[in-house]
Amino acid sequence: MGFATDAIHVGQEPDPATGAIVAPIYQTSTYVQEELGKNKGYDYARTAHPNRRALERTVAKLEGGSAAFVFTSGMAAIDSVFRLLRPGDHAIISEAVYGGVIRLTTQFLVQWGLEFSFVDTSSPESVERAIKPTTKMIYIETPTNPTMRVTDIAAIARIASARNATLVVDNTFLSPYFQSPIALGAHIVVHSMTKYLNGHSDAVGGSVILTRPADAEKIYFLQRSTGAGLAPMDCFLVSRGIKTLAVRMKQHDANGRAVARFLEDHPRVKSVLYPGLPSHPQHDVAVRQQRGFGAMISFDVVTMENARTVLNHLKICSLAESLGGVETLISHPATMTHASVPAEVRQRIGITDGLIRISVGIEDVEDLINDLDQALRKI
Ligand SMILES: Cc1ncc(COP(=O)(O)O)c(C=O)c1O
């Protein structure tokens, strides 16, 4: 079946008890047993429930994995993946990764004897150089948040395979509609489902999609042991959102391309980071491995003051954390999403004080362009 058909039907069969086209929200903590040791497949909602199972089947199918687990947030999903490592293991991580991953690894997980190297994974040679005998995982985000650097997934998959390391790809920015990391050689895909998969800015969730039964067994063990599995109502919301993923992503992509072109020509904008523009340093890799460019764009207006002026004068674009919703969200990474990243690291990876990140929504694109134009003219 095609992507849109799978997004609407896989895991979303009509309710067998009533025929309801949309499965009910199983808002229950426990399940009555028919007799001792006999139940209908569920016993306690921390362990599993029908809405979670349904959503897990959908995301596994869309990413081409053999199993998936959904968590209370993207960070809970990512944390479970790092717990596949053992004390003494080393992992290589994209240096311009989402700030929460830098915080989790450098401020917390290092306490348990794990070692992390932050590397520009858009350069396979740099990844190769960072490999140690203890390297067990390579964790990449492509494109990166918010610097939009693109990593060649297949090239890094070859390095990972040669060293027996697990390749993990955060596919949040493009969604499975535009990028299939598993087909390119990744072993594990993670998502903040809070973003495009849900798409309506009304739920927080994460997912881990796996290809190897041994990894799946460990992640499921963790999910039911720690209790970070996604609750029924949130699973329902994300499942509903995924049904329109294909049409939303097409519109996000069209609007993203138009806004990127507009910003690139604007006299108040110093530079634009968008893999769809030929000026982007990894444009050729993006063309090769992506089926679209999406709607995440970062642009530089040189100073914090200029950024403040633009952000304070927007009328349609909303100043907010997060991304991937139908509405356009705009943010200032240095003081918002990446505020927990030390200033010298921000400078090194290109998160300047004048950098603004926009998650282009699916409103009428002329309205978005007019809004950005009037705010930029206030500089
Ligand atoms: C690329 C990326 N990965 C992971 C996360 C973390 O997801 P969550 O906020 O759902 O925990 C985010 C959040 O912004 C993100 O942008």
Side-chain angles (χ1 to χ4, degrees), residues 55 59 63 68-83 93-109 118 121-122 139-151 153 168-179 181 186 188-209 223 226 228-231 234-235 237-238 241-242 252 273 275 290 294-298 318-325 329-341 346 349 351 355-360:
L55 176 57
V59 291
E63 284 288 0
F69 298 95
V70 298
F71 289 84
T72 50
S73 69
M75 287 313 304
I78 291 164
D79 176 56
S80 78
V81 168
F82 282 123
R83 291 190 200 204
I93 301 180
S94 296
E95 65 176 358
V97 80
Y98 170 62
V101 176
I102 300 177
R103 182 174 49 199
L104 173 71
T105 51
T106 62
Q107 295 183 37
F108 185 74
L109 292 176
F118 291 85
T121 55
S122 69
Y139 179 99
I140 63 180
E141 199 178 285
T142 180
T144 49
N145 179 2
T147 52
M148 304 308 296
R149 253 183 248 167
V150 175
T151 291
I153 298 173
V168 184
V169 178
D170 183 331
N171 204 23
T172 298
F173 265 33
L174 288 170
S175 91
Y177 187 70
F178 283 137
Q179 181 165 269
I188 298 177
V189 170
V190 294
H191 273 278
S192 168
M193 300 196 300
T194 316
K195 319 300 195 238
Y196 288 104
L197 289 181
N198 176 51
H200 294 76
S201 307
D202 54 10
V204 173
S207 51
V208 181
I209 299 99
Q223 191 196 51
T226 61
L230 195 59
D234 295 312
C235 289
L237 286 169
V238 179
I242 285 181
H252 277 298
L273 300 170
Q290 302 175 192
M296 295 305 302
I297 304 168
S298 293
S318 303
L319 177 60
E321 303 258 356
S322 204
L323 58 107
L329 299 178
I330 198 155
S331 67
H332 184 244
T335 57
M336 295 170 70
T337 49
H338 289 66
S340 66
V341 178
R346 284 204 306 268
I349 63 182
I351 304 176
L355 196 74
I356 294 175
R357 186 193 78 183
I358 180 165
S359 162
V360 182

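Only heavy atoms go into these numbers, but all of them, side chains included; no hydrogens, no water, no symmetry mates. Here the structure is a predicted model, which is why all the values come from computation and not from measurement. Whatever order the structure lists them in is the order used to number ligands and atoms, beginning at 1.
Side chain of R346 to backbone of V341: a donor-acceptor contact under 3.5 angstrom is found. In this structure, Q179 contributes its side chain and T142 its backbone to a donor-acceptor pair below 3.5 Å.
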List the steps and the verdict of side-chain contact (heavy atoms from CB on, under 4.5 Å) for H191 and E63.
-> CA-CA 10 Å; H191 273 278; E63 284 288 0; 2.6 Å; yes
Can F71 and S80 be said to form a side-chain contact (heavy atoms from CB on, under 4.5 Å), step by step?
-> CA-CA 9 Å; F71 289 84; S80 78; 3.6 Å; yes
Apply side-chain contact (heavy atoms from CB on, under 4.5 Å) to the pair V101 and Y139, showing each step before the final yes or no.
-> CA-CA 10 Å; V101 176; Y139 179 99; 3.9 Å; yes
Would you please test V238 and V70 for side-chain contact (heavy atoms from CB on, under 4.5 Å) and show each step?
-> CA-CA 10 Å; V238 179; V70 298; over 6 Å; no
List, pair by pair, the atoms of ligand 1 and of the protein that are both N or O and lie under 3.5 Å apart, giving the separation rounded to 0.1 Å.
| residue | atom | partner | partner atom | Å |
| --- | --- | --- | --- | --- |
| ligand 1 | 3 (N) | D170 | OD2 | 2.7 |
| ligand 1 | 7 (O) | S192 | OG | 3.1 |
| ligand 1 | 10 (O) | G74 | N | 2.9 |
| ligand 1 | 10 (O) | S192 | OG | 2.8 |
| ligand 1 | 10 (O) | T194 | OG1 | 2.7 |
| ligand 1 | 11 (O) | G74 | N | 3.1 |
| ligand 1 | 11 (O) | M75 | N | 2.9 |
| ligand 1 | 14 (O) | K195 | NZ | 3.0 |
| ligand 1 | 16 (O) | N145 | ND2 | 2.9 |

